[in-house]
Novice: 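Can you read through this structure? Questions will come right after.
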Amino acid sequence: MGTLSLVLLLLSVQWSRAQEDPLLPFSEHLDPEHKVRLKWGFDEIQGTILFELTVDTSGWVSFGFSPKGGMTGADIVIGGVGPGGRYFTDHHAVGNSMPLVDQQQNYKLLSLNESDGRTIMKFQRSIGSCDENDLPITNLPMKLIYAYGQTDDITYHSTQRGTKELNLLKYMPQVNPPNSSFFDVTMVNFTLPAKQTHYHCKIVRAPTFDRKQHIYRIEPVITNPDLVHHLLLYRCPPSVTETFEEECYTGVDGVCMETVAVWGVGGGTFEFPEVAGLPIGGNVEDLLYRLEVHYNNLNKSAGRVDNSGLRFYHTSELRQHDAAVLMTGLAVTPGYAIPPKAKSFLTYGLCDTAYIPEVLQTPHDLQVFSAMLHTHLAGRKVRVGHFRGGKQIDLLAADENYDFEYQEVTNLGKTKTVKLGDKLLVECTYNTENRSALTWGGLSTSEEMCLAFLFYYPAMNLSTCVSFPDVTSLASTMGAPDIYTWLVMMLTKTWDDTSIHQYQQTLKGIDQFAIVTNSNNNGSLNKGTLPDLKVIPPAPCMSGCATKSLALLSLLLCLAVQWASL
């Protein structure tokens, strides 16, 4: 009997995990007793946010946003399932009294159910403010308020109410699972050379564990914040068997290219979603890892000592999925150039997932939940277009105001499915108006990159999915008989608005080499062309389809005088 109970319990856990809604990846209890649970997800590109409020009651429930945590100025929805059916209404509060019904209903009810003493209300609204009675949802922490009753008579809530402050759009779940610990991968007393850009690499062995672990949190350990620009941890292929520490890309370290973790200046601690974690130990291969630290030493200071790196929190309480990171965008290699005096120059990197089966035996779709977008000093915007069947279906991620000094891994707001065969186009916008010479692609801070690191599950033994222009085709299209002549042409060209535009159009129209590599650096090389990326306009401010009756509205107005102060 005990074995049967255990099996049923395990099946129950697996079933509940399987029911995870990719559109609602975030969850918090709003009250100490865990009777009020909020789940949410959002789409910043479309400008919408989705909520699911679950309350242990068979009466009315309410949820909203408050400027100071109280009723005054609050933006509130009230709903429930009464004798006459479902009701759901958008309100605003002008004081410690019954909230007033909004003339414009801007919350859209998606579902509302009541069973076994529990009410579940799912609804959607625009992230921005639709009218003067709505509060815009911002990137800063907001005060969320809730209240509920035991019946559908909407009267004073007594103690069945509360406030909780959350950053809905910049949310990182804070969990402390049992059987957890951490380890560091850092530089140890490394003395920086007196040069502006230096990439230092260190190949190390990770701690060994008898059982498989999941990393659930990655935290930067920065000892010189004025020097450390970004950190990367790569997994090495089995061919790398010895530790190593030198300047990056001067030895065996150059073959360790499967991204495991990434941090950029301005970023903070990164938490994985509850359904996924980075695997390490146990049946995971005993592989070496390469820590890469990019030092941006503007003053070329000599003798500075650094111990920066990353801290990894891990637990033996395994999550549903192994997570991984895929590097997409424009391959970092010499051969492409950004002209000077450009107000808005575009480069592109293509990830064609149709070629993943050429390097993996059992490929599958990617469930992408977070991204880090990366360029250097000239970068102004980064967008990741998502294409299926030859048509753009979404912007997977976008930063319309890219800041070199503020780079972080950000949640997409919902889990987005990239099917095998889809294409991802990373578009970077650069401004070089203050430059008089070409800016080449490369590792230096003064050179440029165009990358998007995508965090996804379930993990695959996949390293990169990038592209690079066919330089021979580029030279030929521009009228150069060989690469050397093309290089001279680029260096001596008079760059103005016309020549910049012509070069950009040529660069976009030629064939691209689509490159996919797996964890063992086995790769595929194919040719393709770049699709046209369009900016998807945000959805219009929605008008909710509130399901209310005249009788209910009358009831609400009649009960207004019964609403007591908080």
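If you read the sequence from its start, that first residue is 1, and numbering goes on from there. In this text the structure is predicted, and so the values were computed from the model without any measurement.
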Novice: Is a side-chain N or O of Asp365 found less than 3.5 angstrom from the main chain of Leu420, in a donor-acceptor match?
Specialist: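 Yes, Asp365 side chain to Leu420 backbone: donor-acceptor pair under 3.5 Å.
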
Novice: I'd like to know if the side chain of Tyr295 pairs up with that of Asp306 as donor and acceptor (distance under 3.5 Å, no hydrogens or angles considered).
Specialist: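 Side chains of Tyr295 and Asp306: pair found under 3.5 Å.
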
Novice: Do you know the tightest heavy-atom contact between Ala206 and Ile280?
Specialist: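 Taking Ala206 first and Ile280 second, the nearest heavy atoms are CB-CD1, 3.9 Å.
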
Novice: Only one of Arg388, Lys416, Lys414 passes salt bridge (Lys or Arg N to Asp or Glu O under 4.0 Å) with Asp394; say which it is.
Specialist: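 Considering Arg388, Lys416, Lys414, a salt bridge (Lys or Arg N to Asp or Glu O under 4.0 Å) with Asp394 is found only for Lys416.
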
Novice: Go through it in stages, so that I can follow the logic: the residues are Glu427 and Lys381, the test is side chain to side chain contact (heavy atoms under 4.5 Å, CB included), and I'd like the CA-CA distance, side-chain angles, deciding distance and then a yes or no.
Specialist: CA-CA 8 Å; Glu427 175 194 84; Lys381 298 179 182 181; over 6 Å; no

Novice: Do you know the tightest heavy-atom contact between Leu373 and Ala452?
Specialist: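 For Leu373 and Ala452, the tightest heavy-atom pair comes out as CD2-CB, 3.7 Å.
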
Novice: Taking atom CD of Gln392 and atom CD1 of Ile536, what is their separation to the nearest 0.5 Å?
Specialist: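 Answer rounded to 0.5 Å: 4.5 Å.
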
Novice: When you check the side-chain N and O atoms of His91 and Asn133, is any donor under 3.5 Å from an acceptor?
Specialist: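 Side-chain D/A pair, His91 to Asn133: absent.
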
Novice: In this structure, is the centre-to-centre distance between the rings of Phe63 and Phe65 below 6.0 Å?
Specialist: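 Yes, the ring centres sit under 6.0 Å apart.
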
Novice: Quick check: does any side chain N or O of Trp263 sit under 3.5 Å from a backbone N or O of Leu310, one acting as donor and the other as acceptor?
Specialist: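 Not a single qualifying donor-acceptor pair exists.
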
Novice: Is there a side-chain contact between Leu23 and Glu52 (heavy atoms, below 4.5 Å)?
Specialist: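 The answer is no; the side chains never approach within 4.5 Å.
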
Novice: Within the side chain of Thr119, is there an N or O that forms a donor-acceptor pair under 3.5 Å with the backbone of Gly80?
Specialist: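 Pair absent, no side-chain N/O of Thr119 close to backbone of Gly80.
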
Novice: In terms of heavy-atom contacts, does CD of Gln361 have more than 12 from other residues, nucleotides or ligands at under 6.0 Å?
Specialist: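 Incorrect, the count does not exceed 12.
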
Novice: Among Asp75, Asp134, Asp90, which one satisfies side chain to side chain donor-acceptor pair (under 3.5 Å) with Tyr107?
Specialist: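 Of the listed options, the one satisfying the test is Asp75.
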
Novice: Tell me, do Val426 and Cys351 make a side-chain contact under 4.5 Å, heavy atoms counted?
Specialist: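 Sidechains of Cys351 and Val426: no contact.
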
Novice: Check whether more than 12 heavy atoms from other residues, nucleotides or ligands sit under 6.0 Å from atom NZ of Lys164, and answer yes or no.
Specialist: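 Yes.
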
Novice: Please answer whether the main-chain N or O of Glu317 pairs with a side-chain N or O of Thr315 as donor and acceptor at a distance below 3.5 Å.
Specialist: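 Yes: the side chain of Thr315 pairs with the backbone of Glu317.
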
Novice: Looking at every non-hydrogen atom in both residues, tell me the closest pair between Ile356 and Pro363 and how far apart they are.
Specialist: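 What the structure gives for the nearest pair is CG2-CB, 3.8 Å.
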
Novice: So Glu28 and Trp40, side chain to side chain contact (heavy atoms under 4.5 Å, CB included) or not? Walk me through it.
Specialist: CA-CA 9 Å; Glu28 281 274 357; Trp40 75 97; 4.0 Å; yes

Novice: Contact between Pro22 and Thr417 at the side-chain level, heavy atoms closer than 4.5 Å - yes or no?
Specialist: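 In short, these two side chains do not touch, never coming nearer than 4.5 Å.
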
Novice: Measuring from Leu396:CG to His386:NE2, what's the distance to the nearest 0.5 Å?
Specialist: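 Going from CG on Leu396 over to NE2 on His386, the span is 6.5 Å.
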
Novice: Below 4.5 Å, heavy atoms only, C-beta onward: do Arg86 and Glu114 meet side chain to side chain?
Specialist: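 No, every pair of side-chain atoms sits at 4.5 Å or beyond.
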
Novice: Measure the spacing between CG of Leu395 and CG of Asp43 and express it to the nearest 0.5 Å.
Specialist: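 Going from CG on Leu395 over to CG on Asp43, the span is 9.0 Å.
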
Novice: Angle class for the Phe404/His229 ring planes (parallel below 30°, perpendicular above 60°, tilted otherwise)?
Specialist: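 Plane angle under 30°, so parallel.
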
Novice: Which atom pair, heavy atoms only, marks the closest approach of Leu231 to Gly309?
Specialist: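 Shortest heavy-atom contact: CD1-O, 3.2 Å.
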
Novice: Would you say Glu258 and Ser519 are linked by a side-chain donor-acceptor pair, where the criterion is simply a distance under 3.5 Å?
Specialist: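 Ser519 vs Glu258: donor-acceptor pair found between side chains.
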
Novice: Before giving the answer on side chain to side chain contact (heavy atoms under 4.5 Å, CB included), spell out for Val188 and Lys202 the whole-Å C-alpha distance, their side-chain angles and the decisive distance to 0.1 Å.
Specialist: CA-CA 10 Å; Val188 178; Lys202 180 179 181 180; 3.4 Å; yes

Novice: Does Thr259 use its side chain to pair, donor to acceptor, with the backbone of Leu326 at less than 3.5 Å?
Specialist: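 Not a single qualifying donor-acceptor pair exists.
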
Novice: Any donor-acceptor pair under 3.5 Å linking the side chain of Thr353 with the backbone of Lys419?
Specialist: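 Answer holds: yes.
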
Novice: Is there a donor-acceptor pair closer than 3.5 Å between any side-chain N or O of Asn521 and the backbone N or O of Val255?
Specialist: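 Yes, Asn521 side chain to Val255 backbone: donor-acceptor pair under 3.5 Å.
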
Novice: Determine, using ring centers only, whether Phe272 and Tyr216 are less than 6.0 Å apart.
Specialist: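 No.
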
Novice: Could you tell me if Thr517 and Thr464 have a donor-acceptor pair between their side chains, going purely by distance under 3.5 Å?
Specialist: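 The answer is yes; a qualifying pair exists.
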
Novice: Side-chain contact test, heavy atoms from C-beta onward, threshold under 4.5 Å: evaluate it for Phe369 versus Val275 and give yes or no.
Specialist: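 Counting from C-beta outward, Phe369 and Val275 never come under 4.5 Å.
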
Novice: Under 30°, 30 to 60°, or over 60°: which ring-plane class applies to His198 and Phe190, parallel, tilted or perpendicular?
Specialist: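 Ring orientation of His198 relative to Phe190: parallel.
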
Novice: Are side-chain N/O atoms of Ser27 and Arg37 paired as donor and acceptor at under 3.5 Å?
Specialist: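 Side-chain D/A pair, Ser27 to Arg37: present.
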
Novice: State, yes or no, whether a side-chain contact exists between Cys256 and Ile203 at a heavy-atom distance under 4.5 Å.
Specialist: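 Of all side-chain heavy-atom pairs linking Ile203 with Cys256, at least one is under 4.5 Å.
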
Novice: Measure the CE-OG1 distance between Met172 and Thr269 for me, rounded to the nearest 0.5 Å.
Specialist: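 Answer for the CE-OG1 pair, Met172 versus Thr269, is 9.0 Å.
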
Novice: Does Asp253 use its side chain to pair, donor to acceptor, with the backbone of Phe244 at less than 3.5 Å?
Specialist: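 No, because the side chain of Asp253 does not come within donor-acceptor range (under 3.5 Å) of the backbone of Phe244.
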
Novice: Would you call Arg217 and Asn176 a side-chain contact if the rule is heavy atoms closer than 4.5 Å?
Specialist: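 They are in side-chain contact.
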
Novice: Return the orientation label for the Tyr313 and Phe182 ring planes: parallel under 30°, perpendicular over 60°, tilted otherwise.
Specialist: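 Plane angle between 30° and 60°, so tilted.
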
Novice: Ring-plane angle category for Tyr148 and Tyr146, please: parallel below 30°, perpendicular beyond 60°, tilted otherwise.
Specialist: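 Answer is parallel, since the angle falls under 30°.
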
Novice: Within the side chain of Asp399, is there an N or O that forms a donor-acceptor pair under 3.5 Å with the backbone of Asn401?
Specialist: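 Judged by distance alone, yes, a pair lies under 3.5 Å.
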
Novice: Walk me through whether Phe312 and Ile218 qualify under side chain to side chain contact (heavy atoms under 4.5 Å, CB included).
Specialist: CA-CA 5 Å; Phe312 297 90; Ile218 302 175; 3.9 Å; yes

Novice: So, taking the atom named CZ in Arg161 and the one named CE in Met71, what distance separates them when rounded to the nearest 0.5 Å?
Specialist: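 It comes to 10.0 Å.
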
Novice: Just verifying a value: how many Å separate Leu462 CG and Leu360 CG, rounded to the nearest 0.5 Å?
Specialist: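 Going from CG on Leu462 over to CG on Leu360, the span is 5.5 Å.
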
Novice: Under 3.5 Å, side chain of Ser66 to main-chain N/O of Ala74, donor-acceptor pair present?
Specialist: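 No, because the side chain of Ser66 does not come within donor-acceptor range (under 3.5 Å) of the backbone of Ala74.
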
Novice: Using the ring centroid of each side chain, check whether Phe209 and His314 are separated by less than 6.0 Å.
Specialist: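 Ring centres of His314 and Phe209 closer than 6.0 Å.
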
Novice: Could you report the tightest heavy-atom contact between Leu454 and Val368, atom names first, then the distance?
Specialist: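 Shortest heavy-atom separation between Leu454 and Val368 comes out as CB-CG1, 4.1 Å.
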
Novice: Compare every heavy atom of Gln160 with every heavy atom of Gly149, then report the nearest pair and how far apart it is.
Specialist: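 Nearest pair, atom of Gly149 first, then Gln160: CA-NE2, 3.8 Å.
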
Novice: Between Met187 and Val293, is any pair of side-chain heavy atoms under 4.5 Å apart?
Specialist: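 The answer is yes, as the side chains (C-beta and beyond) meet within the 4.5 Å cut-off.
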
Novice: For a quick check under 3.5 Å, do Gln407 and Tyr402 share a side-chain donor-acceptor pair by atom type?
Specialist: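 Present: a donor and an acceptor within the cut-off.
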
